[in-house]
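We number each residue from 1, following the sequence as shown.
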Amino acid sequence: DLFRPEGQQPNLVFSFSSEEVRKIKLQKKKEKYRTMQEDKLYDTLLNLPLFLGMSRADLLQIAGHTKFDFQKIEGGETLTEIGAPYHRLLFLLSGEVAVETMADDRGYRIVETIKAPEVFMIERLFGYDQHSPHHYVARNDCSLMSISKKEVLRLANQYEIFHINLLNLISTQAQRSNRRLFKVPPKTLSDSIIRFFENHCLRPAGEKNVHIKMERLAQELNVKRLKVSVALNELETKGLIELHRGRISIPALEKLINR
């Protein structure tokens, strides 16, 4: 102190106990982990249609303040069954899911494959019937994310882009369903069969398996069974479908539609 220039403050040395150092390191580790998790969730949200067009700042805020539920399931496990209440919006983040849709009298059913990323049954979250019309089963290991209806409404109220994306997805499904009624009538029986497949599938592309007997398909098309058999065999000869006992396999529905 005798040799320190006038007005100069002494050097202050802080010392921490080992317990305090441990707590500081643990806090920094938690903050780093939280940042990594938020960045990972940000990348996940970017791939989902409801969050398209949102800024990084908004997505990071959503990632930090929204209650997301994450789940991993193995191949063969059921996501949801036909008739189950649907009060949470379900997202497929990775993997493939088999979606089964059944006729009201269980006379036939259609199984198709949906790949990630995908949002399921967004139109069933609201409206008169809030139950699942499909049976979802994982084809392989899948990662899922879900948001409660309450959180969906909060996000729609707080973020205009999320609100617009939500309305666009629901409106697009309604418009596609409406246009099906006004398509040009099929000219041949083969066209009628293909139209039946197209109208009863969730997506007009990808692998489909139609579990239906020829007698039932003939009833649906109001034609004789023999004519249906001839038309189906012609499509199989062209490599567009595969016929099995009680099942019609379609490797790629888009190729069948655009044949």
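With I250 as the partner, the side chain to side chain contact (heavy atoms under 4.5 Å, CB included) test is satisfied by one option alone out of I257, I241, I194: I241.
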For side-chain contact (heavy atoms from CB on, under 4.5 Å), just list the numbers for L153 and F126, CA-CA rounded to whole Å, side-chain angles, deciding distance to a tenth of an Å, and then say yes or no.
CA-CA 11 Å; L153 292 173; F126 308 97; 3.7 Å; yes
Tell me, with the steps shown, if R139 and E74 meet salt bridge (Lys or Arg N to Asp or Glu O under 4.0 Å).
CA-CA 8 Å; R139 294 194 62 177; E74 298 179 351; over 6 Å; no
Could you check Q173 against I122 for side-chain contact (heavy atoms from CB on, under 4.5 Å), going step by step and ending with a plain yes or no?
CA-CA 9 Å; Q173 290 198 14; I122 193 169; 3.9 Å; yes
How far apart are the C-alpha atoms of L46 and L59, what are their side-chain angles, what is the distance that settles it, and do they pass the side-chain contact (heavy atoms from CB on, under 4.5 Å) test?
CA-CA 8 Å; L46 275 179; L59 288 175; 3.5 Å; yes
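A heavy-atom distance below 4.5 Å is found between the side chains of Y136 and M121. Using a 4.5 Å cut-off on side-chain heavy atoms (C-beta onward), I161 and D58 make no contact. Using a 4.5 Å cut-off on side-chain heavy atoms (C-beta onward), I62 and Q158 make no contact. For the pair S249 and H244, the minimum side-chain heavy-atom distance is below 4.5 Å. Residues L90 and V119 fail the side-chain proximity criterion, which asks for heavy atoms closer than 4.5 Å. Residues L217 and L232 are in side-chain contact: their nearest non-hydrogen atoms beyond the backbone lie under 4.5 Å apart. When side chains are defined from C-beta on, I248 counts as touching L243, because their heavy atoms get closer than 4.5 Å. L48 has its side chain within reach of M145: a pair of non-hydrogen atoms, C-beta onward, lies under 4.5 Å apart.
Of all the heavy atoms in L92 and G95, the pair that sits closest is CD2-O, 3.7 Å. Closest heavy-atom contact between L240 and P251: O-CD, 3.5 Å. Closest approach of L52 and N165 over heavy atoms only: O-ND2, 2.9 Å. The nearest pair of heavy atoms linking S143 to K72 is OG-NZ, 2.9 Å. Between I82 and P133, the shortest heavy-atom distance links the atoms CG1-O, 4.0 Å. Residues V111 and A98 share a closest heavy-atom pair of CG1-CB, 4.1 Å.
Taken to the nearest 0.5 Å, the CD atom of E234 stands 9.0 Å off from the CG atom of L189. Atoms CD1 and CG, on I193 and L256 in that order, are 9.5 Å from each other to the nearest 0.5 Å. Residue Q71 holds its CD atom at 7.0 Å from CG of L79, rounded to the nearest 0.5 Å. For the atom pair CZ (R109) and CG (N209), the distance works out to 9.0 Å, reported to the nearest 0.5 Å. How far CG of L144 is from OG of S94: 8.0 Å, rounded to the nearest 0.5 Å. Between L45 atom CG and L93 atom CG the span is 9.0 Å, to the nearest 0.5 Å.
Using modelled atom types, one finds no donor on one side chain facing an acceptor on the other under 3.5 Å when comparing S171 with N168. Counted by atom type alone, R154 and T66 present one or more donor-acceptor pairs between their side chains at under 3.5 Å.
Counting heavy atoms of neighbouring residues, nucleotides and ligands inside a 6.0 Å radius, atom NZ of K115 does not exceed 12 of them. Heavy-atom contacts from other residues, nucleotides or ligands closer than 6.0 Å to CG of N258 number more than 12.
Not counting sequence neighbours, H135 has no partner by the ring pair (Phe, Tyr, Trp, His ring centres under 6.0 Å) test. Applying the side chain to side chain donor-acceptor pair (under 3.5 Å) rule to E81 yields no partners; only residues at least two apart in sequence or on another chain are considered. Residues forming a ring pair (Phe, Tyr, Trp, His ring centres under 6.0 Å) with F196 (at least two apart in sequence, or on another chain): Y108, H200. Applying the ring pair (Phe, Tyr, Trp, His ring centres under 6.0 Å) criterion to F162, with sequence neighbours excluded, gives F51. Residues that satisfy the salt bridge (Lys or Arg N to Asp or Glu O under 4.0 Å) test with D129, not counting sequence neighbours, are R124. In this structure T101 satisfies the side chain to side chain donor-acceptor pair (under 3.5 Å) test together with H134, sequence neighbours excluded. Remark: E77 engages no residue in a salt bridge (Lys or Arg N to Asp or Glu O under 4.0 Å) (not counting sequence neighbours). Remark: R247 pairs with no residue by the salt bridge (Lys or Arg N to Asp or Glu O under 4.0 Å) rule, at least two apart or across chains. In this view, K255 satisfies the side chain to side chain donor-acceptor pair (under 3.5 Å) rule with no residue, not counting sequence neighbours.
Not one N or O on the side chain of N178 forms a donor-acceptor pair closer than 3.5 Å with the backbone of A174. Proximity of a side-chain donor or acceptor of K187 to a complementary backbone N or O of V184 within less than 3.5 Å is not detected. E112 places no side-chain N or O within donor-acceptor distance of the main-chain N or O of K208, the cut-off being under 3.5 Å. Checking side-chain atoms of D69 against main-chain N and O of S146 turns up no donor-acceptor pair under 3.5 Å. E151 places no side-chain N or O within 3.5 Å of a backbone atom of F68 that could act as its donor or acceptor partner. Not one N or O on the side chain of K67 forms a donor-acceptor pair closer than 3.5 Å with the backbone of I147.
Every pair passing salt bridge (Lys or Arg N to Asp or Glu O under 4.0 Å) that includes a residue from residues 174-186 is listed here, sequence neighbours excluded: K183-E198. For the salt bridge (Lys or Arg N to Asp or Glu O under 4.0 Å) condition, the pairs that include at least one residue of residues 215-224, sequence neighbours left out, are D105-R216, E215-R225, R216-E220. Residue pairs that meet the salt bridge (Lys or Arg N to Asp or Glu O under 4.0 Å) test with at least one member in residues 159-173, sequence neighbours left out, do not exist here.
By the 4.0 Å N-to-carboxylate-O rule, E118 lies close enough to R203 to be salt-bridged with it.
In this structure, V99 is not a member of the same hydrophobic cluster as I212, with clusters built from ILVMFWY side-chain heavy atoms closer than 4.5 Å. Hydrophobic clustering, with ILVMFWY side chains joined whenever heavy atoms are under 4.5 angstrom apart, groups I114 together with L89. In this structure, I164 is not a member of the same hydrophobic cluster as L155, with clusters built from ILVMFWY side-chain heavy atoms closer than 4.5 Å.
Aromatic pair F120/F91: centroids not less than 6.0 angstrom apart.
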